[in-house]
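A short worksheet on the structure shown next.
The chain is numbered in sequence order, starting from 1. All ligand and atom numbering here is 1-based and tracks the order in the structure.
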Amino acid sequence: MLSFELDTLFAGIADPDMDSMRILSETAMRFPDALSFSSGAPHDGNHDLAGLTFYLDRYIKHLRDKGLPEQRISRLLFQYGAVNGFIQDDVALMLKQDEGIDVAPDAIMITHGFQEAALVALRGLFAAPDDVLLAVSPAYVGIRGAARMLGIPVHSVTEGPDGPDPEEVAAQARAVRAGGRRPVALYLVPDFSNPSGSVLPLAARKRLLEVAAEEDLVILEDNPYGLFARDGESSPTLKSLDTERRVVYLGSFAKSAFPGARLGYLVADQEVTDADGVTRTLAATLSKAKAMFSVGSSSLSQAVVGGYLVEHNHDLRTPTRELAAVYQERLRAILAVLAEHFPPEDDHGVSWNTPRGGFFLTLRVPFVADLAQMERSARDYKVSWAPMSMFHLDGGGEREIRLGFSNLAPDAIREGVARLARFIKDTLRDTPEGQV
Ligand SMILES: Cc1ncc(COP(=O)(O)O)c(C=O)c1O
């Protein structure tokens with residue numbers, strides 16, 4: 001019987017860090033009795049089974065209204081189709097309306113979630129073994145994993161309370177260059193970052209675009225949470241400020257529609273000229289990579305999300321406003337309950353940040369909060385969370401916990417934080433002095 005030693009397979013497969021996506025996605029299923037702060041799963045109340053067929057029918061009606069013959073509609077849904085997808089027009093209208101991003105449909109590729117958009121962008125942009133990705137750390141596990149699976153080295157830029165400092169980005173780009181390697185791109189989540197919840201201020205956004213031009217960097221802007229700001233508090237995306245076409249924008253419908261659709265998109269309006277002098281967009285050029293990763297994105301998911309966009313006149317901000325209010329209420333609830341259990345005047349050594357929105361906050365505790373502790377917490381205290389160290393690119397975050405509050409209603413948040421407080425207080429009591 002054919003069998004393998006794990007370390008004879010691709011090194012990224014054996015790397016324990018590469019299990020983080022699976023762990024985060026599956027913790028809630030592994031510990032069904034536990035209240036889960038472990039992932040950034042969106043609010044279930046937004047997911048209505050009848051909506052699936054409604055939006056599918058809505059998109060088919062839209063195609064009929066446009067005068068497409070039945071045979072073409074059925075081909076579009078049942079057959080292999082264009083690699084870059086068939087709802088780019090709809091996404092272009094949405095981006096213009098919601099984000100002030102003005103790109104032609106041929107600068108858009110519909111992908112299998114953010115994850116494939118990242119894989120496609122990285123595969124296309126990183127040509128040599130010494131091409132390095134700068135990533136703001138702590139970082140979303142998906143980017144680190146995508147880079148690792150493609151063998152792309154990652155160099156971290158440590159973030160502060162307001163995201164990355166553009167001068168630090170420039171300094172790290174120069175450090176990479178001084179080491180004889182080429183910094184090609186910077187990955188960041190400017191709006192309500194995962195895991196820290198930070199938001200990059202407007203002045204830093206503008207400066208970051210200048211730094212990208214000075215240091216010849218592409219910016220990979222990942223923005224799944226931007227729609228969930230408090231009313232009137234949205235920041236302009238880097239892409240909407242990008243007059244030099246430095247930004248490749250990586251979008252996802254996981255939080256604005258639903259993650260099971262596995263639908264996202266890549267916006268790359270940079271020009272690429274081939275040996276014959278023919279010029280196309282980077283998104284069109286990268287379709288070769290997309291074709292070899294996944295052939296094309298699911299026609300059914302595209303039609304359902306397309307129907308959602310059409311039904312809402314390509315304006316996702318309006319239907320998302322209610323949802324944003326749900327997450328804001330959950331954020332307020334978790335902050336209030338944490339303050340009840342850990343009053344600032346007491347000497348408990350527990351503190352947390354106060355994000356303005358998004359799905360996550362960071363809790364600092366006076367002991368090592370690793371995966372083994374998380375499993376003990378989930379098993380014995382019936383509350384799960386994510387060790388922050390999973391997100392740090394070069395070590396760090398050992399005494400920090402990421403709390404994802406997006407999938408728990410305020411009552412469950414109250415109960416979950418009570419269980420977490422018991423876990424923390426018992427752990428502190430049982431941890432010998434000096435070992436915290
Ligand atoms: C930072 C970040 N980017 C992107 C995504 C969405 O990725 P996908 O579209 O692959 O589900 C998430 C989901 O958790 C995320 O936190």
Non-hydrogen side-chain atoms of Asp222 and Ile143 separated by less than 4.5 Å: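 Not in contact.
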
Can you list the ligand 1 atoms lying under 4.0 Å from a non-hydrogen atom of [X]?
X      : value
Gly113 : 9 (O), 10 (O)
Asp222 : 1 (C), 2 (C), 3 (N), 4 (C)
Asn194 : 1 (C), 15 (C), 16 (O)
Lys255 : 13 (C), 14 (O)

Value rounded to 0.5 Å, distance of OG1 in Thr111 from CG in Leu263: 6.5 Å

Nearest-0.5 Å distance that lies between atom CZ in Phe114 and atom OH in Tyr265: 12.0 Å

Test of ring centre spacing under 6.0 Å for Tyr327 and Phe359: yes

Aromatic centroids of Tyr381 and Phe423 separated by under 6.0 Å: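 Close enough - the centres of the two rings lie under 6.0 Å apart.
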
Min N/O separation Pro224 to ligand 1 under 3.5 Å: no

Test of proximity, Tyr187 against ligand 1: N or O pairs below 3.5 Å: no

Protein contact of atom 6 (C) of ligand 1 - nearest heavy atom, named by residue and atom, plus distance: Ser252 OG, 3.6 Å

Identity and distance of the protein heavy atom lying nearest atom 15 (C) of ligand 1: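 Answer for atom 15 (C) of ligand 1: Tyr225 OH, 3.4 Å.
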
From the candidates Arg262, Gln115, Glu116, the one that places a heavy atom nearest atom 11 (O) of ligand 1: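 It is Arg262 that holds the nearest heavy atom.
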
The one among Phe360, Phe359, Tyr140 that brings a heavy atom closest to atom 5 (C) of ligand 1: Tyr140

